[in-house]
Every structure is written in structure tokens, then in C-alpha cells.
Colleague: 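The structure under discussion is supplied below as C-alpha cells; questions concerning it will follow.
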Amino acid sequence: MILLFSSTLTKAQEITGTWEGKLNVQGNELPLKFDITKENDSLSGTMDSPLQGAFGLPLDKVELEKNQVLLSYSKIGATYTGTLEGETINGTFKQAGQEFPLVLNKVEKTVPGDPTLPSSEKELEQLSAYDQGNYKYDVKDYFAKPKASSFQFSPDGKFMSYREKDENAKNHVFVKNLETNEITRAIVEKDELVRGYGWANEDRLLYVMDKGGNENYHLYAADVDGSNTIDLTPFEGVQTQILDLLKDDKNFVIVSMNKENAQVFEPYKVNIETGDLEKLYSNDDIANPIMNYLFDKDGTLRGFVRLREGVNMDLYNNKDVDSKEFEIVKQINWKDTFNPTLNYATDYPHDAYVVSNLETDKNTVYLYDLKEDKVIKKLFTNDNYDISGVSLSRHRDYELDYYTFEGEKREIVPISDYYKKLHNRITSEFPDKQYSIADKTDDESKYLVFLQSDKLYGEYWSYDVAQDKFELLYNLMPQLKAEDMAEMRPITFTSRDGKTIHGYITLPKAAVEGQKVPVIVNPHGGPQGIRDSWGFNPEAQLFASRGYATLQVNFRISGGYGREFMESGFKQIGRKAMDDVEDGLKYVIAQGWVDPDKAAIYGGSHGGYAVLRGLTKTPDLYAAGVDYVGVSNLFTFMETIPPYWKPYEKILREIWYDENVPEEKAIMDEVSPVFHIEKIKKPLFVVQGANDPRVNIDESDQIVRALRAKGVDVPYMVKYDEGHGFGKEENRIDLYEAMMGFYAKHLKDEELQPQFRD
């Protein structure tokens, strides 16, 4: 038995590793890569086809019998059979009735991107060492995760859960019995981050994790005492999204997964005790996939939205609630908004509250008949801003409580008498703060109120309704004193072509006192439908502590300001959208707040692209730039989008540009920074997560490689355990320490030499 076990293990070890080869398809070479791993005596693997933008495709079968290899990926009808001979597999790749010879060679497993490009730890430490001064707060004071966070009540109010950080910066989930004060660790965070958690029912918690930021989330469940932990979606290369927590069917949750096809998501009902799955609907028209599903409180599918021809949307409804037959009730364009929330306060099952812009520029709330496809009553609108949502009370028979929208600040519009009283009680108790209801018990006897302002990171307060009593539970960042924080001011200005633009300026003390200070221009990510908001911004506060103002412009294409404003930014990324950012900088310069010769530009994702575009579009406007997971080449960006973005590629091209249209291809050449390297005159710092599924590491590699070829010294930070933005505390601190050193080196008046900390 021992000899047999050793022999089997040796065979598995021979096949494990990374294997690469090239198919010859009609004279073209198509590289393929297979990663084979072994766990619990079973083999598994993934396949990459880089030229097709496909990475981490999970293989159905990985078998080794003696020296015969079988690899299978049935979703595309592909199989590979071959003979293992040392470091080589000679075999045949079969797909769609065709056969191609394929030789695979074992290679050293490589990290994503070009590993010769990132700066060394020593070089980055030297950059950080330029951040010198007698500052009251360190970088970690702003970016170390709170000691405790994410407080939640159990549905029955017997327990309080929260995350607590240990000495190794791991954020575990603890559960406190509010009657006995006994505390139990329920969820343990190990190498991978727990990306989020919540209560499934009175006894069980749910949480999600991925691997190194690849966004292929798995859903896990655990009892309140940490027992019975199970991976509910144990599928490699699959992303899970929670659709509905079934309050009335407590042992189940509805999720969507791209399990059958990487490009589309299908709904499943999951037993949170056993992990048993039931597919609820098939999303099998890949050319016209379902985008969204509408389930009622009982878990019955009531409708869905199907994407048609890449840009149109068909809204389906089951006019008979008990029927599984669906028919089209409305056909709209992807630019239209029509978001229903089922109204259970009446006996008519087709009543819904709908947020829509079909009849108005701004998103408006209507009472709507889904069966007859008609407005019953217009309920609420705002002349200047989109309505973002409605809130109902399950406890009070789904009474309508309030509407929300975001103007200069987040606004709550109370509707029910109950919520008017609650709203007045909270706002009178905390008149200078912005609040949200973080959680409440099912019987609404207890509330968790989260408070924030531009100078307060966040506090959790409990409110006992019967006792009419508020109690401070936790200040997330007690080390940051409000009196030391900078003010964030809303601003409004007119763009060069006459459009009203909104934004925010965070001013350090010196600027308030009349000095002109350096400024960090910070375009937001997205870009479509995203916006910057008023509130505590740890980046802006860190910058202010070092004497820098922060400018955030909600340029055209930003969300919340109506349909016309957002659509005016389509096909204007890198052009008029950048003009708005530049006009915002001119505006704050004209107010006398900032020094025009000391404006840096920094951003992530689209904001990172805006950095590179800014340094090439207006080379003399900015003194330096920090590109964080930003796009550098619009052509390769489109080629490397994740598989689950593929159905929306036409929409993406309507927002950005379509290279198949000659005029737009010329614009893509014009606004892709990598083609205009010679225009970059100012210092640049580039930051990237190696596992980023949205902005491939090649986007950063390209810009760094091109500048290095010109002899330009470009500091380049790559974290190999991160994706689209850094989630791990130690990595975030490294990033901002290096960033502060970079700014100090290029924005301070004095000539600095790096000073290393003890």
C-alpha cells in the first residue's frame, strides 16, 4: 500500500505545474497555457488563451493514467489528449470537430506581467523616505484598517457581529451574545481577504472571498460559533453574486454564477446548510443574455431583463404570478433606467415602485403597474439630481419609508409617519453629521446608525426604540481627531462649453488661511455613472495633512446629475471629460486656493487613465502624476476585458470608442497615452495589482516599458497578491507611503534627500 501510494503521488507530481504550447490554426499561432494542481489526491487545472482574452478557464477533467494525459474543457467542446514524456506532453487538441497537434512543454510558473519592470523594495523604500516633516499623523493612521468594523445585528437582535483586527492585520468576524456578553470567533480570515459578510438568518453567517483580487468570488457559510463552515460555491474560475436573501425562507439564498458559461450569469437557489444547488432559470441565449433577475420575497422569479443586439434591453414579466411563462412588457435602450422594487403593501401582485428616466431627464420615482406596463402615479422627483432609491419596511407590511438622492450631500426624504419621526430624532441628536441606517433588527426595535462627516471617518451608534436611547458603539478611527481634519467644500463652476459642473475641494489649514498650496487633482474611476461624494475621504485627509489640497471633479459622464449630463460624456473620455477636470483646476486656481505650478494628478482605474491622459494632453499643466491601475492603451484594454464583460462589449464601445469606426479608431489613437509617450515631461509613479481582471497588468507594463526605453526613471509598484485596487492593509500602507514620498519629492519647495525611518 505504501509503495502504491508513493507511485500515484509521483505521477501526480509529474503532471502538476505549468504547461505551455502553441496551436497552429490556419497559419496563425495561438498560445495556450495549462496550470495543473493537486489537492486531496485529485487533479484540477485551468486553461489560458491570452490572445482571446481568456484566463483561468476551469478544466472539467484532468486525468493521468500511467503516462496518458486527458484535459477537458466541455463548455467550448475542447479536449486534449497526449503522452507525458518527462517535461513534454505530445498530443492532440480537439475542438468543434477539428484536430490540431499540440506539444506542451513544462515551464516555470510565471507571475503576471513582466517581472523585470517593477521597482525593487529598496527603491520604493527610498521613495517613501522623501516624506519628511513633523506630522501629527502617519500614513497608517489613515489607512490601517479599524480595530473593529462592520457591526451588524442578528435578525432577532440576540447577537451583534463585527470584524476585529488581530496583531497580523487579519480581520476576523466575531459574534457577541448581547444577553451573556459571550464573544465567539465565527469567521477566520487567513491568507485571502474576507471581502464581505452578513447574516443569513438568526444562526448562520455568509461571507465571500476570492483569490488575490481576481474577483472570482466564492460564497461561504458558517454557524455563529464558527462551526459547520462550508464553501457553498466551490467552483474555480466562477464568480458568485448574491441576488436575494430570502427572509421568509431562511435556509436558502439566491445567487447568480457564471458557472455554465464564463460570459453569462444564471440564478441558483442555494441551501446554506448543505450547499445543495437548484438552478432557477437558464441563461442559454449567449447572443442575447439575461442581465438582471427580479425575484419576489418568496424567491419566485417575477421578471428579468434580456440584452438584445448588445445595446437594447427587453423587460420580461410573468403576468400570472404563478406562471413560469414570461413575455416582453417593455423594450428600452441600455441608456434608459427602469428599476422596479416590488410593492407588497397591496393585494395587487404587480404593483411596484419604479425609479425611471423614461419620461424625464432625472431619475424619478413612480408607482407602477408591471402587468399593464403603465404609470399609476408619479411619486417624487428632484429638479437637479437623480433619485437613487426607495426604502420599504418589511416589519410594517412593506410601508414606504423614504426616498434617497445625492446632491452636494446625501439626502433622505422621509415619507411614512414612522420614518419621519425616526429621521427627526436622529438628525436632532446629530445635527452636524450625515447618517445612514447600517442595520436594524427584524422587529425594528433596535437600529445601528452610522454617522459620518467630512471630518469624521465614522461612528456606529445603537438606538433602542423603546427606551429612546442612543449609545456609542464604536468610533472607527479614534486616533483621527475631527479638529485636525480638513474641510471638504462643494464647488460649482462652468465648463469652457457652458456646462454646469460640480465637485469638491478639500483644503488644508494653510489654504484656508490664505496661502496658495499644492493640489492633487483626483479624477474618479468608472467613469460612467460614478461620482465623488461629500464625506470623510482618507486620501484627501492624508494629502491635507501634508499640506496639499485635493480637487475632485464630477466631470460629464458622472452619475447622479441626470441622463443628459451622463450621456454628454459618452465618446468624450480623454477629451471633453478631461476638459472638465482642467476647467475645475482653473477654477480653484482662480479662487486663490492653490499654486498653479504645483498641481499633481492622481487616480485609480479610469482615474489612472486620466492621469496618463492628462500628462500627454496637457503636458505643462501638471507637475507630477500617480497612475493607479489605469488604462494606457484603449485597444489592448478592450481586448483583455474579463469574459463576463463580453456581452456588454457593444455598450462599452458606445461609452468609450469603437475601433471598427474609422473616425473613432483615430480618436482611440489620439487619446491612448501609450502612443504619446514623448509628450510626458513630468515625473510619473505607476501602481498595479498583478491579478487585476479589469485593467490587465499589461496596461501598466506598457507605459513603464515605453518610458524606461526613453531613459525615464519611472517608479513602479506591483503587488502580486492584489487585483483592481489594493485590499490588504500592508499593501495600502506601502502604496500611500511611497505616494507621499513621491509628492514630497516633486511638489515641495525644498530640495529633499531621502531619510529612512528606523
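Nothing fancy with the numbering, it's 1 onward along the sequence.
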Colleague: Could you tell me if the ring centre of H606 sits under 6.0 Å from that of F555?
Modeller: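 Here the rings of F555 and H606 have centres that are less than 6.0 Å from each other.
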Colleague: Does E309 come within less than 4.0 Å of K650, counting only side-chain N to carboxylate O?
Modeller: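 Here E309 does not pair with K650 in a salt bridge, since their nearest N and O are not under 4.0 Å apart.
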Colleague: Apply side-chain hydrogen bond (donor to acceptor under 3.5 Å, both in side chains) to S161 and Y197, showing your working.
Modeller: CA-CA 10 Å; S161 63; Y197 89 96; 2.8 Å; yes
Colleague: Any carboxylate oxygen within less than 4.0 angstrom of a Lys/Arg side-chain nitrogen, looking at R394 and E444?
Modeller: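 Salt bridge between R394 and E444, a charged N being under 4.0 Å from a carboxylate O: no.
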Colleague: With sequence neighbours left out, write down each residue that passes side chain to side chain donor-acceptor pair (under 3.5 Å) with H218, or none if nothing qualifies.
Modeller: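 Here the qualifying residues are D231.
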Colleague: Could you go step by step and tell me if V661 and K571 meet the side chain to side chain contact (heavy atoms under 4.5 Å, CB included) rule?
Modeller: CA-CA 12 Å; V661 179; K571 308 289 190 184; over 6 Å; no
Colleague: Do the side chains of F380 and I415 get nearer than 4.5 Å, heavy atoms only?
Modeller: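 Side-chain contact under 4.5 Å: no.
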Colleague: Does a side chain donor of either D692 or H724 reach within less than 3.5 Å of an acceptor in the other side chain?
Modeller: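 Short answer, yes.
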Colleague: Does M313 form a side chain to side chain contact (heavy atoms under 4.5 Å, CB included) with K330? I'd like the steps, not just the answer.
Modeller: CA-CA 8 Å; M313 296 192 297; K330 186 181 290 295; over 6 Å; no
Colleague: Check whether any side-chain heavy atom of F295 lies under 4.5 Å from a side-chain heavy atom of Y293, and answer yes or no.
Modeller: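 Yes - at least one pair of side-chain heavy atoms lies under 4.5 Å apart.
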Colleague: Hey, does Q528 have a side-chain heavy atom less than 4.5 Å from the side chain of F570?
Modeller: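 With C-beta onward as the side chain, the pair touches.
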Colleague: Walk me through it: do Y403 and V355 pass the test side chain to side chain contact (heavy atoms under 4.5 Å, CB included)?
Modeller: CA-CA 10 Å; Y403 311 119; V355 176; over 6 Å; no
Colleague: How many angstroms lie between atom CG of D580 and atom CZ of R575, to the nearest 0.5 angstrom?
Modeller: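 Rounded to the nearest 0.5 Å, the CG-CZ separation comes to 13.0 Å.
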Colleague: Hey, does the side chain of E664 reach the backbone of E659 with a donor-acceptor pair shorter than 3.5 angstrom?
Modeller: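 Between the backbone of E659 and the side chain of E664 there is no qualifying donor-acceptor contact (under 3.5 Å).
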Colleague: Would you call K499 and D579 a salt bridge, taking side-chain N to carboxylate O under 4.0 Å as the test?
Modeller: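 D579 and K499: not salt-bridged.
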Colleague: Can you find a heavy atom in the side chain of P527 that is under 4.5 Å from one in the side chain of W656?
Modeller: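 They are in contact (side-chain heavy atoms under 4.5 Å apart), so the answer is yes.
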Colleague: With F430 as reference, evaluate Y463, Y435, F450, F470 under the ring-ring contact (aromatic ring centres under 6.0 Å, His included) test and give the passing residue.
Modeller: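 Among the candidates, only F470 passes.
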Colleague: Please confirm whether H423 and Y402 have ring centers closer than 6.0 angstrom.
Modeller: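 No; Y402 has its ring centre 6.0 Å or more from that of H423.
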Colleague: Residues in side chain to side chain donor-acceptor pair (under 3.5 Å) with K371, at least two apart?
Modeller: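 Listed in chain order: nothing, the list is empty.
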Colleague: Flag the pair R563 and D336 as a salt bridge only when some basic side-chain nitrogen lies within less than 4.0 angstrom of an acidic carboxylate oxygen.
Modeller: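 A salt bridge links R563 with D336.
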Colleague: Between L243 and V255, is there a side-chain heavy-atom distance shorter than 4.5 Å?
Modeller: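 Not touching, per the 4.5 Å side-chain cut-off.
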Colleague: Check the surroundings of atom NZ in K158: do more than 12 heavy atoms from other residues, nucleotides or ligands lie under 6.0 Å from it?
Modeller: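 At most 12 heavy atoms, drawn from other residues, nucleotides or ligands, come within 6.0 Å of this atom.
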Colleague: Between D244, L245, N271, which is the residue that forms a side chain to side chain contact (heavy atoms under 4.5 Å, CB included) with F252?
Modeller: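 Answer to the side chain to side chain contact (heavy atoms under 4.5 Å, CB included) test with F252 among D244, L245, N271: N271.
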Colleague: Above 12 or not: heavy atoms from other molecules or residues under 6.0 Å from NZ of K279?
Modeller: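 For K279, atom NZ is crowded (more than 12 foreign heavy atoms under 6.0 Å).
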Colleague: Heavy-atom distance under 4.5 Å between the side chains of V465 and L422, does that happen here?
Modeller: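 Sidechains of L422 and V465: no contact.
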Colleague: For the side chain of R306 and the backbone of N288, is there at least one donor-acceptor N/O pair under 3.5 Å apart?
Modeller: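 Side chain of R306 to backbone of N288: a pair is present.
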Colleague: Would you check if the side chain of N258 reaches a backbone N or O of F265 as a donor-acceptor pair within less than 3.5 Å?
Modeller: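 Flag not set: sc N258 to bb F265 has no pair under 3.5 Å.
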Colleague: Using a 4.5 Å cut-off on heavy atoms from C-beta on, say whether the side chain of Q239 contacts that of E215.
Modeller: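 A side-chain contact under 4.5 Å exists here.
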Colleague: If you take the centroid of each ring, where Trp contributes its six-membered ring, are W334 and Y648 closer together than 6.0 Å?
Modeller: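 When the ring centroids of Y648 and W334 are compared, they turn out to be at least 6.0 Å apart.
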Colleague: Do the ring centers of F637 and Y609 come within less than 6.0 Å of each other?
Modeller: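 Here the rings of Y609 and F637 have centres that are no less than 6.0 Å from each other.
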Colleague: Below 6.0 angstrom between ring centroids: does that apply to Y398 and Y344?
Modeller: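 Judged by ring-centre distance (under 6.0 Å), Y398 and Y344 do meet the cut-off.
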Colleague: Any Lys/Arg nitrogen of R396 or D401 sitting under 4.0 Å from an Asp/Glu carboxylate oxygen of the other?
Modeller: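 Here R396 pairs with D401 in a salt bridge, since their nearest N and O are under 4.0 Å apart.
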Colleague: Determine whether a donor-acceptor pair (N or O, by modelled atom type, separation under 3.5 Å) exists between the side chain of D248 and the backbone of D298.
Modeller: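 Answer holds: no.
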Colleague: Under the side chain to side chain donor-acceptor pair (under 3.5 Å) rule, collect the residues that match up with K378, sequence neighbours excluded.
Modeller: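 With sequence neighbours excluded, K378 shows a side chain to side chain donor-acceptor pair (under 3.5 Å) to no residue whatsoever.
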Colleague: Is there a side-chain contact between I557 and F565, using heavy atoms and a 4.5 Å cut-off?
Modeller: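 No, every pair of side-chain atoms sits at 4.5 Å or beyond.
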Colleague: Let me see the working for V629 and R694 under side chain to side chain contact (heavy atoms under 4.5 Å, CB included), right down to the final yes or no.
Modeller: CA-CA 9 Å; V629 296; R694 307 185 205 180; over 6 Å; no
Colleague: Evaluate D468 against R425 for salt bridge (Lys or Arg N to Asp or Glu O under 4.0 Å), listing each step before the verdict.
Modeller: CA-CA 9 Å; D468 187 27; R425 183 69 183 90; 2.7 Å; yes
